Amino acid sequence: MALTEEQWKSFCEGSGTEYTCDLYSTLTMVTSDIDYAEGRTVNGIATGLDTFFLIFSGTMVFFMQAGFAMLCAGSVRQKNVKNIMLKNLLDACGGALGFYTIGYGFAYGGDDETGRTFIGNSYFALRDFDSYAGFFFQFAFAATAATIVAGTVAERCKMSAYLCYSLFLTGFVYPVVVHAIWSSNGFLSAFYQDSDDLFQDVGTVDFAGSGVVHMTGGCTALIAAIVLGPRKGRFYDEDGNPLEEPNSFPGHSASLQILGTFVLWVGWYGFNPGSALAIASEDSAQTAALCLVTTTMGAATGCVSSMFTDSILETMKTGETSYDLTMAMNGALGGLVAVTAGCSVITPWAAIVIGAIGGWVYMGFSKLLISLRIDDAVDAIPVHFANGFWGVLAVGLFANGKLMAIAGYNSEKEGLFYEWGGGDNDWNLFLAQISSLAFIIGWVTCLMTPFFIILNVAGLFRVDALEEEVGLDISHHRGEAYDISGAAKKEDVEELMETRASRHGKVEVPKEVAQAADETA
């Protein structure tokens, strides 16, 4: 197609016969006059790219369910593997049904209305709604919030209770938090429809959900752990007397734990960059790319700071040095959670600082829970609640005005470090972040505390003591996860050793063989 002089002038820089065009301008110029059979123009191409980006990112976020399942399965004892994996599967199912029927409507319904609203009031069961890619992406986030709780209450929670709170969380509790912070009608939202009437003139900046997703799930997990109580033998003996040293109950598979950690890390590349919700414009593409870098830096430094700090403390205390895989894995996850709120508005160096502190936050809160005798089977509370809190707070310190403008926020209200560096003392953003933290903790606590107490009083929350001792796989799921019936029997091993001894003299039974035989005896 021949281009006119006016087209060159409209889309490119230069004059005469010399013009310079970027890729987007060239695409716009070439396609602006093309009459496609189905009426598609460059705007249609951009919409298609944005939709594909959202679908792909949502799929990566949903795949994080596999990461949670592997991490939880590896972190529990062998006798409870089936139970925790089924709960992770049902999280996705319950989250889909709850968020479809009422959750999405409470979260985003009524966005076309004017004024602030506390809760959405339309789009229930997606009625009169056709932005399916947007729904799918948001559902994946809702399922993540519910899954956080599964690991904390592992090995002792009834299936009926789990289904109840999973539906309640994804259908009502979580959507109200989403509406307040992410909806265009939310009273804390940075995307409120009237940009001249934002909360604290800026709104809460929680780009991908350190507070909305992780703190909501983590706070629910904390309340559940307190009401449900610790696993049998974790902090108390059979007579109910406190143990001098808590039993650790190590997970049965480090391989599944590290697999789950890597799957979650990869999934975060959909979680954070995908929250840009678009990719076809220059600003959205730049924001998504920045999120990739800050996400990576947060995870890496969280892992390093947590593991090596733990090793240094051990050396100072005992003179011996070891390197704890659990500290490394959960430190990385804590760093990921910590940078999630500000991944689009912080520089890479700030992500390194936030991630490093996130590793220390995980360590400190994990030890605090043990001192308070609160049993978290997979350390989900330190990772998600504590680092979710730190992540939201960190935005009020490290948010960069130029990056805020690119990401669509009010760039006049920066983080405190940038405010002070510029000679100002504007606390608006920091106060907005504090307000959102108070709202999330208050809302979740006021709803989930009585909810779990009612379940507990009704006898619907905790499994029977004998069932817990035997293991939930046998008591609830028709047998153990691993079939070891084909292992060598003790009498066969003894016969083999006797036969060898008669030929070669006395033969010692290898320790591993004897142990395997004892387990199948």
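For the numbers below, each heavy atom of this structure counts, side chains included, while hydrogens, waters and symmetry mates do not. Source: prediction; values computed, not measured.
Heavy-atom minimum distance, Ser344 versus Ala407: OG-CB, 3.9 Å. Here the shortest heavy-atom pairing between Gly217 and Val149 reads O-CG2, 3.6 Å. Closest heavy-atom contact between Glu468 and Glu155: CG-O, 3.6 Å. Closest non-hydrogen pair, Ala276 versus Thr287, comes out as CB-CG2, 4.4 Å. Annotation for Met404 and Val205: closest pair CE-CG2, 4.2 Å, computed over non-hydrogen atoms. Shown here for Asn88 and Ala69, the closest heavy-atom pair between the two residues is OD1-N, 3.6 Å.
Residues Thr449 and Ile453 have side chains in contact (heavy-atom distance under 4.5 Å, counting atoms from C-beta outward). Put simply, the side chain of Val173 reaches to within 4.5 Å of the side chain of Met448, judged on heavy atoms. Looking only at side-chain heavy atoms (C-beta outward), Phe308 and Met327 stay at 4.5 Å or farther from each other. Within the 4.5 Å cutoff, the side chain of Phe199 has heavy atoms near those of the Ser435 side chain. Proximity of Leu369 to Ile381: side-chain heavy atoms (C-beta onward) are separated by under 4.5 Å at one or more points. You'll find the side chain of Gln138 reaches within 4.5 Å of the side chain of Phe99, heavy atoms only. Two residues are said to be in side-chain contact when any heavy atoms from C-beta on lie closer than 4.5 Å; Ser411 and Lys402 fail this criterion. Ile441 has its side chain within reach of Phe389: a pair of non-hydrogen atoms, C-beta onward, lies under 4.5 Å apart.
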Inset, instruction - Decide side-chain contact (heavy atoms from CB on, under 4.5 Å) for Phe207 and Cys291; before the verdict, give the C-alpha distance in whole Å, the side-chain angles of both, and the deciding distance to 0.1 Å. - result: CA-CA 10 Å; Phe207 185 73; Cys291 290; 3.7 Å; yes
Inset, instruction - Could you give me the CA-CA distance, side-chain angles and deciding distance for His477 and Leu86, then say whether side-chain contact (heavy atoms from CB on, under 4.5 Å) is met? - result: CA-CA 9 Å; His477 305 292; Leu86 178 59; 3.5 Å; yes
Legend entry - Derivation and outcome, side-chain contact (heavy atoms from CB on, under 4.5 Å), residues Thr340 and Trp268: CA-CA 9 Å; Thr340 293; Trp268 239 284; 2.9 Å; yes
Legend entry - Step-by-step side-chain contact (heavy atoms from CB on, under 4.5 Å) determination, Leu290 to Leu403: CA-CA 9 Å; Leu290 173 65; Leu403 298 177; 3.8 Å; yes
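Taking the six-membered ring where the residue is Trp, the centroids of Trp390 and Phe365 are separated by 6.0 Å or more. Aromatic rings of His214 and Phe271 (six-membered ring for Trp) have centroids within the 6.0 Å cut-off, being under it. Between Phe439 and Phe187, the distance separating the two ring centers is shorter than 6.0 angstrom. If you look at Phe135 and Tyr123, their ring centroids are not closer than 6.0 Å. Aromatic rings from Phe124 and Tyr100 are positioned such that their centres are separated by 6.0 Å or more. Tyr108 and Tyr104 have their aromatic ring centers within a separation under 6.0 angstrom.
In this structure, CG on Leu228 lies 4.5 Å from CZ on Phe461, to the nearest 0.5 angstrom. A distance of 12.0 Å separates CG in Leu90 from CE in Met85, rounded to the nearest 0.5 Å. For the atom pair Met64 CE and Met70 CE, the distance stands at 14.5 Å (nearest 0.5 Å). Glu414 contributes atom CD, which lies 13.0 Å from atom CG of Leu397 (distance to the nearest 0.5 angstrom). Of the inter-residue distances, the one linking Tyr132 atom OH with Ile55 atom CD1 reads 12.5 Å to the nearest 0.5 angstrom. Taken to the nearest 0.5 Å, the CZ atom of Phe249 stands 10.5 Å off from the CG atom of Asn80.
No donor-acceptor distance shorter than 3.5 angstrom exists from the side chain of Ser210 to the backbone of Asp206, with no hydrogens or angles considered. No donor-acceptor pair under 3.5 Å is formed between the side chain of Asn400 and the backbone N or O of Ile346. Of the possible polar contacts, none joining the Gln257 side chain to the Gly251 backbone as a donor-acceptor pair under 3.5 Å is found. Side-chain atoms of Thr101 come within 3.5 Å of backbone atoms of Gly98 as a donor-acceptor pair (strictly under, hydrogens ignored). With hydrogens and angles disregarded, a donor-acceptor distance shorter than 3.5 Å links the side chain of Arg234 to the backbone of Asn247. Side-chain atoms of Asp324 do not come within 3.5 Å of backbone N or O of Asp310 as any donor-acceptor pair. At least one donor-acceptor pair under 3.5 Å links the side chain of Lys87 to the backbone N or O of Cys157. The main-chain N or O of Leu393 is never found under 3.5 Å from a side-chain atom of Gln433 such that the two would form a donor-acceptor pair. Using a distance-only test at 3.5 Å, with no hydrogens or angles considered, a donor-acceptor pair links the side chain of Asp473 to the main chain of Lys82. Listed for the Thr301 side chain is a donor-acceptor partner under 3.5 Å among the backbone atoms of Ile352.
Between the side chains of Asp379 and Tyr362, a donor-acceptor pair is found at a separation under 3.5 Å. Between the side chains of Trp360 and Thr309, at least one donor N or O lies within less than 3.5 Å of an accepting N or O. Counted by atom type alone, Thr220 and Tyr174 present zero donor-acceptor pairs between their side chains at under 3.5 Å.
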In a table with atom names and distances, give each donor-acceptor pair under 3.5 Å that connects a side chain of residues 164-172 to protein atoms at least two apart or in another chain.
residue: Ser166; atom: OG; partner: Asp91; partner atom: OD1; Å: 3.3
residue: Thr170; atom: OG1; partner: Ser166; partner atom: O; Å: 2.9

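Annotation for Phe262: atom CZ does not count as buried by contact number, only 12 or fewer foreign heavy atoms lying within 6.0 Å.
Ring planes of Phe398 and Trp349: perpendicular class, angle over 60° (limits at 30 and 60°).
Under the 6.0 Å distance and 45° angle rule, Arg373 counts as a cation-pi partner of Tyr236. Note that Arg116 lies in the cation-pi zone of Tyr192, set by a 6.0 Å cut-off to the ring centre and a 45° limit from the axis.
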